[in-house]
2 protein chains.
Amino acid sequence: MLAWRTYIEVTARLNLALEQDLAPTGLTQGDYQVLVVLSEAPEHRMRMCDLANLLQLSPSGLTRRLDGLVRDGLVGRAASETDRRVMLAVLTPAGHETLATAAPDHVESVRSRLFDQLSDTQVDQLAAIFTAIGLGLDSEQP
Amino acid sequence: MLAWRTYIEVTARLNLALEQDLAPTGLTQGDYQVLVVLSEAPEHRMRMCDLANLLQLSPSGLTRRLDGLVRDGLVGRAASETDRRVMLAVLTPAGHETLATAAPDHVESVRSRLFDQLSDTQVDQLAAIFTAIGLGLDSEQP
DNA sequence: CGCATTCTGTTGCGATCGCAACATTTGTGT
DNA sequence: ACACAAATGTTGCGATCGCAACAGAATGCG
């Protein structure tokens with residue numbers, strides 16, 4: 001039970017700290033994740049619904065998140081040529097550059113806030129623990 | 001880096017699953033935490049600002065959260081007799097009963113989603129890991 | 001082919017939350 | 001005692017997000 005309360009408190013504070021570390025770049029963690037996923041996608045583009053699934057966002061949530069990124073010129077919208085229902089989110093050069101600028105600071109933020117506090121063994125334990133929890137979430141009554 | 005992505009994905013899914021488990025009681029996790037803290041406080045009451053610090057909420061966030069709980073009759077507001085600035089949040093009998101009804105289900109939810117997936121050793125590791133991260137958050141440049 | 005079903009993305013609505021500004025009250029320094 | 005600073009809670013405003021409803025497009029089936 002102590003472990004549970006510690007988990008609740010620390011995850012909240014960790015997320016807040018990481019968000020504040022990222023704020024000077026003008027990005028939120030959600031924006032950053034969109035840019036990362038797009039930068040790793042073939043041709044730097046991805047269907048909206050695939051993006052929503054990867055980011056665990058509702059369709060409407062993703063639409064509004066992309067609205068902001070499109071307004072800032074970091075992502076563009078393109079219609080698919082093979083399926084006229086789908087919209088593709090496309091990383092722009094400005095988006096790629098913004099990500100390249102923000103990534104080192106964010107990686108350093110995660111490293112100092114999280115991994116520097118843990119031994120190598122604990123990092124392995126952390127990965128094993130959350131993998132096990134994730135498997136449990138897959139197989140329960142959802 | 002894999003550990004990091006797993007952590008991000010699983011914490012999000014775990015929170016969602018716990019929120020949905022708690023939804024049938026009509027409470028959110030935030031509401032539940034308010035009731036828990038008040039039920040453990042002397043005389044079932046607490047100053048707004050102390051409550052906000054404990055729950056890691058902004059003053060305005062706590063005001064609106066209490067608005068909902070007061071509307072539902074689970075919490076009452078009382079003026080302090082010694083400091084006329086402060087408002088006390090007071091757990092009502094209805095709030096106490098609602099908590100008593102919801103707690104077993106929520107504890108079972110946390111147990112099945114989290115602790116049943118882990119060995120006793122992993123639970124200890126989890127506590128140690130997040131305690132270390134929490135200590136790191138205390139001592140860094142905030 | 002024709003029609004129902006499914007998939008995809010957007011919009012209206014409401015809920016949640018933080019920041020800045022504010023009013024009130026308390027504490028502090030001289 | 002008086003003025004200034006700090007603490008406390010609330011409100012306006014904007015940002016974020018999910019659900020339900022919707023419209024357009026593709027797919028399956030008789």
Side-chain angles (χ1 to χ4, degrees), chain A residues 11-13 15-34 38 45-72 74-90 142, chain B residues 11-13 15-34 38 45-72 74-90 142:
Chain A
T11 52
R13 288 207 295 150
N15 261 324
L16 183 63
L18 295 176
E19 197 77 60
Q20 291 174 344
D21 289 343
L22 196 56
T25 69
L27 295 174
T28 65
Q29 287 191 86
D31 295 333
Y32 182 86
Q33 286 179 331
V34 171
L38 288 181
R45 65 191 55 210
M46 187 171 286
R47 297 164 17 133
M48 293 287 286
C49 65
D50 295 337
L51 201 51
N53 287 334
L54 273 179
L55 300 176
Q56 307 196 58
L57 272 178
S58 68
S60 61
L62 179 59
T63 292
R64 269 77 175 243
R65 177 170 297 282
L66 270 199
D67 287 344
L69 291 168
V70 169
R71 175 174 41 76
D72 296 342
L74 307 181
V75 175
R77 282 187 165 100
S80 165
E81 302 177 359
T82 62
D83 188 332
R84 293 198 291 179
R85 291 172 300 183
V86 317
M87 292 293 294
L88 297 170
V90 186
Chain B
T11 53
R13 289 206 293 150
N15 261 323
L16 183 62
L18 295 176
E19 196 77 60
Q20 290 173 345
D21 288 344
L22 197 54
T25 70
L27 296 174
T28 65
Q29 287 190 85
D31 294 332
Y32 182 87
Q33 286 179 331
V34 171
L38 287 181
R45 64 190 57 209
M46 186 171 288
R47 297 163 18 133
M48 293 288 285
C49 65
D50 295 336
L51 201 52
N53 288 334
L54 273 180
L55 301 176
Q56 308 196 55
L57 273 177
S58 69
S60 61
L62 180 59
T63 292
R64 268 82 175 236
R65 176 170 297 281
L66 270 199
D67 287 344
L69 291 168
V70 169
R71 175 174 40 78
D72 296 342
L74 306 181
V75 175
R77 282 187 164 100
S80 165
E81 303 177 358
T82 62
D83 188 334
R84 293 199 290 179
R85 292 172 299 182
V86 317
M87 292 293 294
L88 298 170
V90 186

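Chain letters run A, B, ... following the sequence lines, proteins first and then strands; every chain starts at 1.
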**Message:** So that I can compare with my own list, what are the stems of DNA chain C, taken as at least three consecutive Watson-Crick or G-U pairs with distances under 3.5 Å?
**Reply:**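 Runs of three or more consecutive pairs: C:1-30 with D:1-30.
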**Request:** Kindly say if B:Arg84 contacts the phosphate of C:dG27, meaning a side-chain N or O under 4.0 Å from OP1 or OP2.
**Result:**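 Looking at the OP1 and OP2 atoms of C:dG27, neither is under 4.0 Å from any side-chain N or O of B:Arg84.
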**Message:** Before you tell me yes or no, could you show the steps for B:Arg65 and B:Thr28 under side-chain contact (heavy atoms from CB on, under 4.5 Å), namely the whole-Å CA-CA distance, both residues' side-chain angles and the distance that decides it to 0.1 Å?
**Reply:** CA-CA 10 Å; B:Arg65 176 170 297 281; B:Thr28 65; 3.4 Å; yes
**Prompt:** At under 4.0 Å between heavy atoms, what does B:Leu62 touch on the DNA or RNA strands: base, sugar-phosphate, or nothing?
**Reply:**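 Counting heavy atoms under 4.0 Å across all strands, no contact is made by B:Leu62.
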**Asked** Hey, does B:Arg64 reach any base, or is it just sugar-phosphate, or nothing, if we go heavy atoms under 4.0 Å?
**Response**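 Base contact - B:Arg64 has a heavy atom under 4.0 Å of at least one base atom.
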**Any N/O donor-acceptor pair, A:Arg85 side-chain to D:dA26 base, under 3.5 Å** =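 Flag unset: no donor-acceptor pair detected.
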Length of the [atom1]-[atom2] vector between [X] and [N], whole Å:
X: B:Asp67; N: C:dG14; atom1: CG; atom2: P; result: 18 Å
X: A:Leu55; N: D:dC17; atom1: CG; atom2: P; result: 10 Å
X: B:Met87; N: D:dT11; atom1: CE; atom2: C1'; result: 15 Å
X: A:Leu57; N: C:dT8; atom1: CG; atom2: P; result: 16 Å
X: B:Gln33; N: C:dT16; atom1: CD; atom2: P; result: 14 Å
X: B:Arg77; N: D:dT8; atom1: CZ; atom2: P; result: 17 Å
X: B:Leu27; N: C:dT16; atom1: CG; atom2: C1'; result: 16 Å
X: B:Gln56; N: C:dT16; atom1: CD; atom2: P; result: 19 Å

Among [options], the nucleotide that comes nearest once only the side chain of [X] is considered:
X: B:Pro59; options: D:dT10, C:dC17, C:dT8; answer: D:dT10
X: A:Thr63; options: C:dT26, C:dG18, C:dT10; answer: C:dT10
X: B:Asp83; options: D:dT10, C:dT25, D:dG18; answer: C:dT25

Does any non-hydrogen side-chain atom of [Y] lie less than 4.5 Å from one of [X]?
X: A:Asn15; Y: A:Gln29; value: yes
X: B:Met48; Y: B:Leu66; value: yes
X: B:Asp31; Y: B:Leu74; value: no

**Asked** Which residue lies toward the 5' end of DNA chain D, A:Arg71 or B:Leu88, if each is placed at its nearest nucleotide?
**Response**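 Its nearest nucleotide lies further toward 5', so the answer is B:Leu88.
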**Message:** Nearest heavy atom decides the nucleotide; on that basis, is A:Ser60 or A:Thr82 closer to the 5' end of DNA chain D?
**Reply:**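 Per heavy-atom nearest nucleotide, the more 5' residue is A:Ser60.
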**Asked** Are B:Leu88 and B:Arg47 close enough, and set up right, to give a side-chain contact (heavy atoms from CB on, under 4.5 Å), and what steps lead you there?
**Response** CA-CA 5 Å; B:Leu88 298 170; B:Arg47 297 163 18 133; 3.7 Å; yes
**Request:** Before accepting this row, confirm whether a basic side-chain N of the pair B:Arg45/B:Asp50 lies closer than 4.0 Å to the acidic partner's carboxylate O.
**Result:**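 Judged by the 4.0 Å cut-off on N to carboxylate O distance, B:Arg45 and B:Asp50 do not form a salt bridge.
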**Request:** Could you go through the side-chain contact (heavy atoms from CB on, under 4.5 Å) check for A:Leu51 and A:Gln33 one step at a time?
**Result:** CA-CA 10 Å; A:Leu51 201 51; A:Gln33 286 179 331; over 6 Å; no
